[in-house]
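Right, one structure below, let's go through it.
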Amino acid sequence: MRLVTWNVNSLKARLPRVEGWIAEHAPDVMLLQETKCADAAFPAAAFTALGYESAHYGDGRWNGVAIVSRVGLGGVRAGFEDAAPDVAGECRILSADCGGVRVYSVYVPNGREVGSEFYAAKLSWLGQLRRELDATCEPSAAVAVGGDFNVAPEDRDVWDIGAFAGLTHVTEPERAALREVMGFGLTDVVRLLHPAEAGPFSWWDYRGGAFHKGEGMRIDLVLASAPLAARVEAAFVDREARKGQGTERQPSDHAPVVVDLSP
DNA sequence: ATGGTAGCGCTGCTA
């Protein structure tokens, strides 16, 4: 089973690229983030035409998450089961059962500035994610939590840690909150299969030619429970999908993260 | 050089 997570930065703007990527890479389950559309505008028919079921949770201009599957799609839950008041109201998590795996598509808040109310909300959201897992699944089952975490787990997951002094995505509280999520019993499977290298990065700023300068970050993750992590045959970032700046159809600023699982 | 790009949508916010 091929499981993919991809922050598409507007599904409307990216649909041709997403369709093309599906045709070329034949994913079984795709976790999408930043669809930037309302449920009524979600292009479900485009996925149906390709042989996929889909579910979406979005309310308009920002955020929005989706799950697309050709191996079944049931038990869909939009949002947190028990949303705390400080994390309610944004469409950032969607979960479902696909091919025997409980999958979560997550879009962690960016945090904006360290110390801001948005930064506090990001830490709170990650805490809520851990509680969601505790309440809705078991680490002994096949569970995958994939998405844009907006946290670089280690210093080597950014191009130059010196450039991040005082900035979000690399602070210890963010990393500690991510570790709390993983403490549920989840393994970062790209890191599992790439134990010694920097990155591989999954996001590059649109500005300043960051992609071509290698100035990226690894913030899109697939976290798997132990039974699922044991099935990982490959885990990689498709950098090709980040290319094509200046062409008619722009790429997302994120590349797909691909995980291949044995039956 | 306090910039830059992309998306949404029409003014400025978000990333």
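To find a chain, count down the sequence lines: A is the first, B the second, and so on, and within it residues start at 1.
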Less than 3.5 Å apart, which donor and acceptor atoms pair up between the side chains of residues 215-222 of chain A and the rest of the protein, not counting sequence neighbours?
unit_1	atom_1	unit_2	atom_2	d
A:Arg218	NE	A:Asp157	OD1	2.8
A:Arg218	NH1	A:Asp188	OD1	3.1
A:Arg218	NH1	A:Asp188	OD2	3.1
A:Arg218	NH2	A:Asp157	OD2	3.4
A:Arg218	NH2	A:Asp188	OD2	2.8
A:Asp220	OD1	A:His254	ND1	3.2
A:Asp220	OD2	A:Ser202	OG	2.6
A:Asp220	OD2	A:His254	ND1	2.8

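As rounded to whole Å, 10 Å separates atom P of B:dC13 from atom CZ of A:Arg112. As a whole-Å value, the separation of A:Lys36 NZ from B:dT14 P is 12 Å. Counting to the nearest Å, the C1' atom of B:dA15 and the CD atom of A:Glu34 are 7 Å from each other. The CG-C1' distance, from A:Asn7 to B:dG7, rounds to 12 Å in whole Å. If you measure from atom CG of A:Leu11 to atom C1' of B:dA6, you get 16 Å, rounded to the nearest angstrom.
Side-chain proximity of A:Lys12 to B:dC8, B:dA6, B:dA15: nearest is B:dC8. Closest approach to the A:Arg61 side chain among B:dA6, B:dC8, B:dT14 is made by B:dC8 (side chain taken as heavy atoms from C-beta onward).
The 5' end of DNA chain B is approached more closely, in terms of each residue's nearest nucleotide, by A:Asp205 than by the other of A:Asp205 and A:Gly60. Nucleotides of DNA chain B nearest to A:Asn9 and A:Asn63 differ in position, and the one nearer the 5' end is that of A:Asn9.
No side-chain donor from either of A:Tyr57 and A:Thr35 sits under 3.5 Å from a side-chain acceptor of the other.
The phosphate of B:dC8 (OP1 or OP2) has a side-chain N or O of A:Ser10 nearer than 4.0 angstrom. The side chain of A:Arg14 contributes an N or O atom lying less than 4.0 Å from OP1 or OP2 of B:dG7.
A side-chain donor-acceptor contact under 3.5 Å links A:Arg2 to the backbone of A:His25.
Atom name C1', nucleotides B:dG3 and B:dC8: the rounded distance is 22 Å, in whole Å. B:dT14 and B:dG9: their P atoms are spaced 14 Å apart (whole Å). Using C1' as the reference atom, B:dA1 and B:dT11 are 26 Å apart when rounded to the nearest Å.
Ring centroid separation for the pair A:Tyr107 and A:Phe149 does not come in under the 6.0 Å cut-off. Annotation: A:Phe164 is in aromatic contact with A:Trp159 [ring centroid separation under 6.0 Å].
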